[in-house]
Amino acid sequence: MKTSENPPDETKKDDSGLDFIRKIVVDDIRTNKNEGRVHTRFPPEPNGWMHIGHAMAIYLSYSIAQEYNGLFNLRFDDTDPSKESMDYVEAIKEDIQWLGADWEDRLYFASDYFEELYDLAVALINAGKAYICDLSADEIREQRGSLTEPGVNSPYRDRTIEENLDLFKRIRNGEFEDGSKVLRAKIDMASPNLLMRDPIMYRIKRVSHYRTGTDWIIYPSYDFTHGESDAIEGITHSLCSLEFETHRPLYDWFVDELLAVGALKHKPRQIEFSRLNVTYTITSKRKLLELVDGNYVSGWDDPRMPTIAGMRNRGFPASAMRTFLGRVGVTKREKNIDYGLLESCVREELDQEANRVMAILNPLKIVLENYPDDQVEHLEIPNHPKDISKGTRKVPFSRELYIEQEDFMEDPPKKFYRLTVGREVRLRNAYFITCTNFVKDDSGKIIELQCTYDPNTKGGSSPDGRKVKGTIHWLSKPHALEAEFRLYDRLFKREDPSGLPDYNPDSLTTTKGYVEPSLGNAKPASHYQFERLGYFFTDPKEFSQDNLVFNRTSTLRDTWAKIFKQHPHSKKKRQKKK
RNA sequence: AGCCCCAUAGUGUAGUGGUUAGCACCUCAGGCUCUGAAUCUGAUGACUCCAGUUCGAAUCUGGAUGGGGCUGCCA
């Protein structure tokens, strides 16, 4: 992946501007620690969907490896078979790939190291640093003590090395029931860090593992697996989020003890950073699951979901995600980023990349009374106003057109400069038109406009230099293609949502409308800007030439909406008030 | 309650003893415009507090305050 934001200049001597992790890396390279190598990893547990917070962790580890000519591993931390599955492995790989992080041929699984980990555990027993404990889970919890009180030593703590070795082997061979015994590290039951109070290294679980099958009935715990896997892979900088800070002493203890007995040769360094939170968004698996289970969203990859798959389906470009992640920065402070920053990055990218086309969400028919009945012109319109390399396309123009309902007002407020009776506006890239009259149905709804066009303004400008204040988009009614629009908005109503109670019922509005005929040839998963409406993305799965489905990635900035919100009344109505 | 971590505009981030405390997003005002978009210009807006060290502290020290984490045989 390209690291677009503030790429560090490796020749630069000073560290200024670098985040604290990069400073550590630069310093390690300078002092030739790890022979100058940089090697990172991303260690997901295959038990859920990757979300925006994971994206940050992936991007950080990958881009640091990139920037310092290092390597990046993908390693699945699959030590709890009761929750994990291969389906997640494939989904996670797809997400990481999409983001642009490349693990090349270094795809690993902690389960690849089960035998090695077992030997490491034996080495620790031999060193007198681990023992088999017969206490129940409840008893262990009780004896662990509390935040303020020390724990008490397990009565099994002083078993002989021989006995521990024998027991550990017999556990592996299946002589004991699930939960009847565990292997514990012998550290310090009085440590102020609860994690150091003789933590569990192995538990008995007769659960089939999706990769090792029934080979094992004991599985190593996270704490005993993670650092050891890092050491085995030669990871130099093991980056993780803040909640693992208190695990670091334990991480170091295991590696140091194993180093001391020569069972391990390398010591990685764990560094913690604060995780990414975004306003109007949650990443809690449990809370997101409520939305999925309750069918508030179509699934984990619903375009409203803060999952990587969801954002991909929404049409957020991977490059915009990277820009966003780069702008967010890396620190240890708790962060809550404005959702607007993400949107801004998405718009910035799409403004450059997306071809402009026209679509009408809420059609209002207009008839150009002085336009020949049977005439059709094919206007050549640029695909991108700022990038001529994107070429042009032909768009049909005829006597009967559609415009957006919101672009006409019978009794407009002062700053409204779109269409109203007697006013001239420009049809984008086409002609100036003037509204002469409108037709209402029985309910008073405006259903048709009568207009005239000025044939001398073809292309959208007047030879007499006449200016027009408003420009609106349009479609030729007989040529317009029917389409479905999925108008997405933020999933939650509140900036700091609690979950389901803050679900935004307007987060999805599905509507039928029309698009210009060129879109009949569009491919799934492509970006467009519908002029004056927003960025849309052809649905990756459902879009076809017979089923034109567009997901709204983002609206355009809408200054008019703000003005209108402040002064929603027309001149007349405001005068009445006074 | 014990231990650990964190503290700069609304949000995020830079700053490592001397700066008009920089940048981005947001907000506001204006210019430009065939998208009320984009773009350009400008403006508002911050060092949690108290001591100490120093000629000089956002930066160093101590304390206070505020926020977060830690008592799964989850990761």
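Chain A is the first sequence line, chain B the second, and so forth, proteins listed ahead of strands; every chain is numbered from 1.
Within the 6.0 Å centre-distance limit, the rings of A/Phe550 and A/Phe530 are counted as a close aromatic pair. A/Tyr219 and A/Phe114 have their aromatic ring centers within a separation under 6.0 angstrom. Taking the six-membered ring for Trp and the full ring otherwise, A/Tyr118 and A/Phe168 have centroids separated by under 6.0 Å. The ring of A/Phe224 has its center closer than 6.0 angstrom to the ring center of A/Phe254.
Every residue two or more places apart in sequence or in another chain that forms a ring pair (Phe, Tyr, Trp, His ring centres under 6.0 Å) with A/Phe397 is listed here: A/Tyr371, A/Tyr431, A/Trp474. Looking at residues two or more places apart in sequence or on another chain, you find a side-chain contact (heavy atoms from CB on, under 4.5 Å) between A/Pro155 and A/Leu135, A/Gln143. Taking A/Phe316 as the reference, nothing meets the ring pair (Phe, Tyr, Trp, His ring centres under 6.0 Å) condition, with sequence neighbours excluded.
Base contact: A/Phe416 has a heavy atom under 4.0 Å from a base atom. Within 4.0 Å of A/Lys469, counting heavy atoms only, lies no atom of the nucleic acid at all. Within 4.0 Å (heavy atoms only), A/Arg141 reaches sugar-phosphate atoms of the nucleic acid but no base atom. When heavy atoms are screened at a 4.0 angstrom cut-off, A/Glu272 is found touching no nucleic acid atom at all. Within 4.0 Å (heavy atoms only), A/Lys23 reaches at least one base atom of the nucleic acid. Residue A/Arg197 is out of contact with every strand shown, counting any heavy-atom pair closer than 4.0 Å.
Judged by distance alone, with hydrogens and angles left aside, A/His473 brings no side-chain donor or acceptor close enough to the base of B/A37 to form a pair under 3.5 Å. Under 3.5 Å, the side chain of A/Lys467 and the base of B/U33 form no donor-acceptor pair of N or O atoms.
What separates CD of A/Glu495 from P of B/C25 is a distance of 18 Å, to the nearest Å. Atom CG in A/Asn429 sits roughly 9 Å away from atom C1' in B/U35 (whole-Å rounding). The distance between atom CG of A/Asp15 and atom P of B/G15, rounded to the nearest whole Å, is 9 Å. If you take CD of A/Glu228 and C1' of B/A75, they are 15 Å apart, rounded to a whole angstrom. Between the CG atom of A/Leu194 and the C1' atom of B/A1 there is a distance of 13 Å, given to the nearest Å.
At B/C28, one or more side-chain N or O atoms of A/Lys562 fall inside 4.0 Å of OP1 or OP2 (strictly under the cut-off). In this model, the phosphate group of B/A75 is approached by a side-chain N or O of A/Arg203 to a distance below 4.0 Å at OP1 or OP2. When the side-chain nitrogen and oxygen atoms of A/Arg144 are compared with OP1 and OP2 of B/G72, one or more of them lie within a distance under 4.0 Å. Checking the phosphate oxygens (OP1, OP2) of B/A38, a side-chain nitrogen or oxygen of A/Arg557 falls inside 4.0 Å. Within the structure, a side-chain polar atom (N or O) of A/Thr79 is placed less than 4.0 Å from OP1 or OP2 of B/A75.
A cation-pi arrangement is absent between A/Arg426 and A/Phe432, since the terminal nitrogen or guanidinium carbon is not both under 6.0 Å from the aromatic centre and inside a 45° cone about the axis. In this structure, A/Arg75 fails the cation-pi test against A/Phe109, since its NZ or CZ atom is not both closer than 6.0 Å to the six-membered ring centre and inside 45 degrees of the ring normal.
In this structure, of B/U35, B/G36, B/A75, it is B/U35 that holds the atom nearest to the side chain of A/Leu556. Closest approach to the A/Thr148 side chain among B/A38, B/A1, B/A75 is made by B/A1 (side chain taken as heavy atoms from C-beta onward).
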Give me, pair by pair, the N or O atoms of the protein and of nucleotides 11-13 of chain B that are less than 3.5 Å apart, along with how far apart they are.
{"residue": "B/U11", "atom": "O3'", "partner": "A/Asn336", "partner atom": "O", "Å": "3.2"}
{"residue": "B/U11", "atom": "O2'", "partner": "A/Asn336", "partner atom": "O", "Å": "3.0"}
{"residue": "B/G12", "atom": "OP1", "partner": "A/Asn336", "partner atom": "N", "Å": "3.2"}
{"residue": "B/G12", "atom": "O2'", "partner": "A/Val328", "partner atom": "O", "Å": "2.7"}
{"residue": "B/U13", "atom": "OP1", "partner": "A/Thr331", "partner atom": "OG1", "Å": "2.6"}
{"residue": "B/U13", "atom": "OP1", "partner": "A/Lys335", "partner atom": "NZ", "Å": "3.3"}
{"residue": "B/U13", "atom": "OP2", "partner": "A/Arg333", "partner atom": "NH1", "Å": "3.3"}

Next item on the list: Under 3.5 Å for both distances, Watson-Crick or G-U wobble, that's the pair rule; now give the dot-bracket for RNA chain B, with | marking pairs to another strand and [ ] for crossing ones.
Entry: .((((((..((((....[...)))).(((((.......)))))....(((((..]....))))))))))).....
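The same atom, C1', is picked in B/G15 and in B/C47; the two are 11 Å apart, to the nearest Å.
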Item checked: Working for ring-ring contact (aromatic ring centres under 6.0 Å, His included), residues A/Tyr222 and A/Phe244 -> CA-CA 11 Å; A/Tyr222 164 82; A/Phe244 293 100; 5.2 Å; yes
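RNA chain B lies under 4.0 Å from at least one heavy atom of each of the following residues of residues 129-137 of chain A: A/Leu135, A/Ser136, A/Ala137.
Inspection of the A/Arg275 and A/His54 side chains reveals no N or O donor paired with an N or O acceptor under 3.5 Å.
Look at A/Tyr222 and the base of B/A75; the rings do not stack under the cut-offs of 5.5 Å between centres and 30° between planes.
Distance check, rounded to the nearest 0.5 Å: CZ of A/Arg184 to OG of A/Ser154 gives 5.5 Å.
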